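A short write-up of the structure that comes next.
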Amino acid sequence: VSKRYIIIGASAAGMSAAQKITLLEPEAELIVISAEKETPYNKCFLADYISGIKLLPQVYLPQVSVFEQGKAVFMREKRVVAIDVAAKKVTLDDQQELAYDALCIATGCSPRIPPITGMQESERVFTFYSLHDMNRLRAWIAEYNPKKAVVIGSGLSGVEAADALVYHGIQVTIIEQQKHVLPAHLDHEGAFFLEAQMRRCGLVLHCNTTVTLVQHTAQGELIVHLDTGMRIDADLIISAAGVRPNNILAQQGGIALMHERIVTDAYMRSSVADIYAAGDVALVPAYQSTQLSPSFTWPDAMLQGIIAAHAMVGNQKPYPGVMPIVSSAFFGLKFASCGPVNQTPEGYTIAVKQTEHSYQKILLEDSRVRGFLQIGPTLEFGALKRALLTGQSVAQEAVFLPLGKL
Ligand SMILES: Cc1cc2nc3c(=O)[nH]c(=O)nc-3n(C[C@H](O)[C@H](O)[C@H](O)COP(=O)(O)OP(=O)(O)OC[C@H]3O[C@@H](n4cnc5c(N)ncnc54)[C@H](O)[C@@H]3O)c2cc1C
């Protein structure tokens, strides 16, 4: 009798798991369930879709071919509402029950809208997270031709959102409650470098401050109040103020969580037999460490999906550990960050190289690369990544590369 595998979530982790299972066990029955109605797409391309650099077909994932070729069943716009871990079945929002031999939870995260009066249920407040969000934003921009926007939060998606709005000729103000932009991925000097470029592109930045109230005028426009007393007029707001893991199924099913995420081992196994987790909903082994780490990048989610697929069909292929390299491009610059670049852990030495056009930083421990930061017109982190993975010692000069000119 062929086995039935079920995957919840059809994004980076879920779709790479699905594709791998079709290769490893083509005779198995495979069902992928997605709460979204859109064809699975790449979140990393969403900002480019808003700015018009990428068209919709370029945003869709190549792995959707497993559905087109009939190798897996795609249940779109269906939400799993419960997992019965004892009976090994899931229940969908239409009451349908589906039994599984092995289950992968790849439910990712959802954007968090801060509990600020005036932010909830306003048609001028947008999240910047899903293709649905982007289609709503695109349609709104096309219909209302907004001139001014406020972006709350300057993590990766906040900065990408600001960049995409600038493409539409919209005057953007970013509000960041921490000291500088991209606080999780930049040090002070790197932020200073990037912020200067953002201002050159016309962006207004207010750091060290929070939004206290969003007021709606009689004309429908917005006034954003800050804790400093400042007020900013806006036609729309993008809320990019963090995410929360979609852990409710695991929580209700009694699957072990830590820091709100599903705890996994090196085979993406959860605490419950035959249930695996991968991607942003999971807490996974860190690289070359006994610690666990959240996963928050697309390539990591894909790799975990592949590892989970192997384990689900009975292979033992260990996950090497999360490699938190965040890379992106905005405001005419490319950006890559890896490791604790905004701190100096004990025993680490820091090497910095700054030019008019670029900023680089490398964290070394006994000549071994432990993290890096690059901002410039080009990126050259292949050698650094290799050095980080192999643990080989390197000479400082060897790892600084010319990053081109603007
Ligand atoms: C705007 C933006 C830009 C980004 N840019 C980059 C980048 O440049 N580089 C990078 O490495 N990373 C980037 N990321 C992060 C990256 O997209 C995530 O790390 C990745 O999407 C995680 O994939 P995942 O499969 O774990 O979950 P997700 O992509 O969050 O997908 C989870 C899916 O599960 C579905 N789901 C949840 N609950 C249920 C349920 N009960 N039933 C059915 N379906 C359910 C959700 O609807 C969703 O479709 C970006 C993220 C955003 C939002």
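Keep in mind that what you see is a predicted model, and the values were worked out from it rather than measured. Just follow the structure's listing: the first ligand is 1, and inside any ligand the first atom is 1.
- Between Lys88 and Asp274 a salt bridge is recorded (basic side-chain N to carboxylate O distance below 4.0 Å).
- No donor-acceptor pair closer than 3.5 Å links the side chain of Thr209 to the backbone N or O of His206.
- Applying the side chain to side chain contact (heavy atoms under 4.5 Å, CB included) test to Ala28 and every residue at least two apart in sequence or in another chain returns Tyr5, Glu25.
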For residues 104-113, which side-chain donor-acceptor pairs fall under 3.5 Å, sequence neighbours excluded?
residue	atom	partner	partner atom	Å
Thr107	OG1	Asn246	O	2.9
Ser110	OG	Asn246	OD1	2.7
Ser110	OG	Asn246	ND2	3.3
Arg112	NE	Ala241	O	3.4
Arg112	NH2	Ala241	O	3.1

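- Remark: side-chain polar atoms of Glu365 are not paired, donor with acceptor, to backbone N or O of Pro345 under 3.5 angstrom.
- Sorted by chain then number, the residues whose non-hydrogen atoms approach ligand 1 to under 4.0 Å are Ile8, Gly9, Ser11, Ala12, Ala13, Ile33, Ser34, Ala35, Glu36, Lys43, Cys44, Lys78, Arg79, Val80, Ala106, Thr107, Gly108, Cys109, Phe128, Tyr129, Ser157, Glu160, Asn246, Leu249, Gly279, Asp280, Phe296, Thr297, Trp298, Pro299, Ala301, Ser327.
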Can you give me every donor-acceptor pair (side chain of residues 319-338, partner residue at least two apart or in another chain, under 3.5 Å) with its distance?
residue	atom	partner	partner atom	Å
Tyr319	OH	Asp300	OD1	3.0
Tyr319	OH	Gln304	NE2	3.1
Tyr319	OH	Val322	N	3.3
Ser328	OG	Glu160	OE2	2.5
Ser337	OG	His185	O	2.8

